[in-house]
Amino acid sequence: GAAPEDRFLVLVTGFAAAGKTTLAPILAEHLDALWISRDRIHEMVYSGWEPRHPALTSQTYDPRAGDSIYKEGSVVWSIFLWMLQRTTTRVPVVADTPFNHDWNRSMFQLAVADIEVPIVEVALHGDPDVLLDRARRRASSGQVHEIKARFSVNGADYYASPYQPVVPEEHVVHVDTTD
């Protein structure tokens, strides 16, 4: 593993279609760091259903079955955070993810106590209309997982408020990806 002083975590965050998955691998390569994509974990968890995830076969998908509730989002976040906690002890890491729910922000805040390396957040943002148009084009492209295509296109209200970083402001680099 890398010497302790050479380890770090760069979080590439922002709204849907802000460019996280485009920028993160470039940063990881440039910084000679491991790239962890929350989207890739998401795809694996949602692709584990055979023959297809129930949300893709039903217009009325309900995550409840008897007394159980499928919480795939929580599973995805648990795996993502576990990976950050384990890998940052050995190597520098660049990870991309949205923080678009209070519950995943809370999970991160609990997990970050076990991440003992410097953390910098690259918070991507852009013109809301441009981001929404990008999200819609991506969803219809056939190049993203079906679950992401179906559920990641949020309305204009999703982009209405400015993106809120998850680390202290002095550790945040804001990048406008409108162009």
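Numbers for residues simply follow the sequence, beginning at 1. All values below were derived from every heavy atom in this structure, side-chain atoms included, with hydrogens, water molecules and symmetry-related copies excluded.
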Practice task
State whether Tyr163 and Arg105 meet the cation-pi test: NZ (Lys) or CZ (Arg) under 6.0 Å from the six-membered ring centroid, and within 45° of the perpendicular axis.
Solution key: yes
Problem - Donor + acceptor pair across side chains of His174, Glu169 (<3.5 Å) - result: yes
Practice task
Establish, from distance only, whether the side-chain atoms of Ser37 and Asp39 form a donor-acceptor pair under 3.5 Å.
Solution key: no
Same cluster or not: are [X] and [Y] linked, directly or through other Ile, Leu, Val, Met, Phe, Trp or Tyr residues, by side-chain heavy atoms under 4.5 angstrom apart?
X	Y	result
Val166	Trp82	yes
Leu34	Phe8	no
Val12	Val167	no
Leu84	Val45	yes
Val93	Ile115	yes

Donor-acceptor pair, [X] side chain versus [Y] backbone, under 3.5 Å?
X	Y	value
Thr177	Ala18	yes
Gln85	Ala111	yes
Arg7	Thr87	no
Glu29	Ala24	no

[atom2] on [Y] to [atom1] on [X], rounded to 0.5 Å:
X	Y	atom1	atom2	answer
Arg86	Ile36	CZ	CD1	11.5 Å
Ile79	His42	CD1	NE2	11.5 Å
Leu9	Glu116	CG	CD	13.0 Å
Asp176	Asp127	CG	CG	8.0 Å
Leu27	Thr22	CG	OG1	11.5 Å
Glu121	Thr13	CD	OG1	3.5 Å

Exercise for the section: Assign the ring pair Phe108 / Phe99 to parallel, tilted or perpendicular, where the plane angle (0 to 90°) is split at 30° and 60°. Expected result: perpendicular
Exercise for the section: Determine the interplanar angle of the Trp103 and His101 rings, folded into 0 to 90°, and report it as parallel if under 30°, tilted if 30 to 60°, perpendicular if over 60°. Expected result: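 Aromatic pair Trp103/His101 classed parallel.
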For [X] versus [Y], what's the shortest heavy-atom pair and its separation?
X	Y	answer
Ala2	Asp6	CB-CB, 4.2 Å
Arg138	Ala16	NH2-CB, 4.0 Å
Asn104	Trp77	CB-CE2, 3.3 Å
Ala135	Ala17	N-CB, 3.5 Å

Problem - Ile119 vs His171 side-chain heavy atoms within contact, under 4.5 Å - result: no
Practice task
Would you indicate whether the side-chain heavy atoms of His125 and Pro162 approach each other to under 4.5 Å?
Solution key: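 When only atoms from C-beta onward are counted, His125 and Pro162 do not touch, as no gap falls below 4.5 Å.
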Handout entry: Trp35/Asp96 under side-chain contact (heavy atoms from CB on, under 4.5 Å): CA gap, chis, key distance, verdict
Key = CA-CA 8 Å; Trp35 170 39; Asp96 67 272; 2.5 Å; yes
Exercise for the section: Could you give me the CA-CA distance, side-chain angles and deciding distance for Leu124 and Lys20, then say whether side-chain contact (heavy atoms from CB on, under 4.5 Å) is met? Expected result: CA-CA 7 Å; Leu124 306 182; Lys20 298 176 295 296; 4.0 Å; yes
Practice task
Start with the C-alpha gap between Val122 and Leu11, add the side-chain angles, then the distance that decides, and say whether side-chain contact (heavy atoms from CB on, under 4.5 Å) holds.
Solution key: CA-CA 6 Å; Val122 179; Leu11 285 172; over 6 Å; no
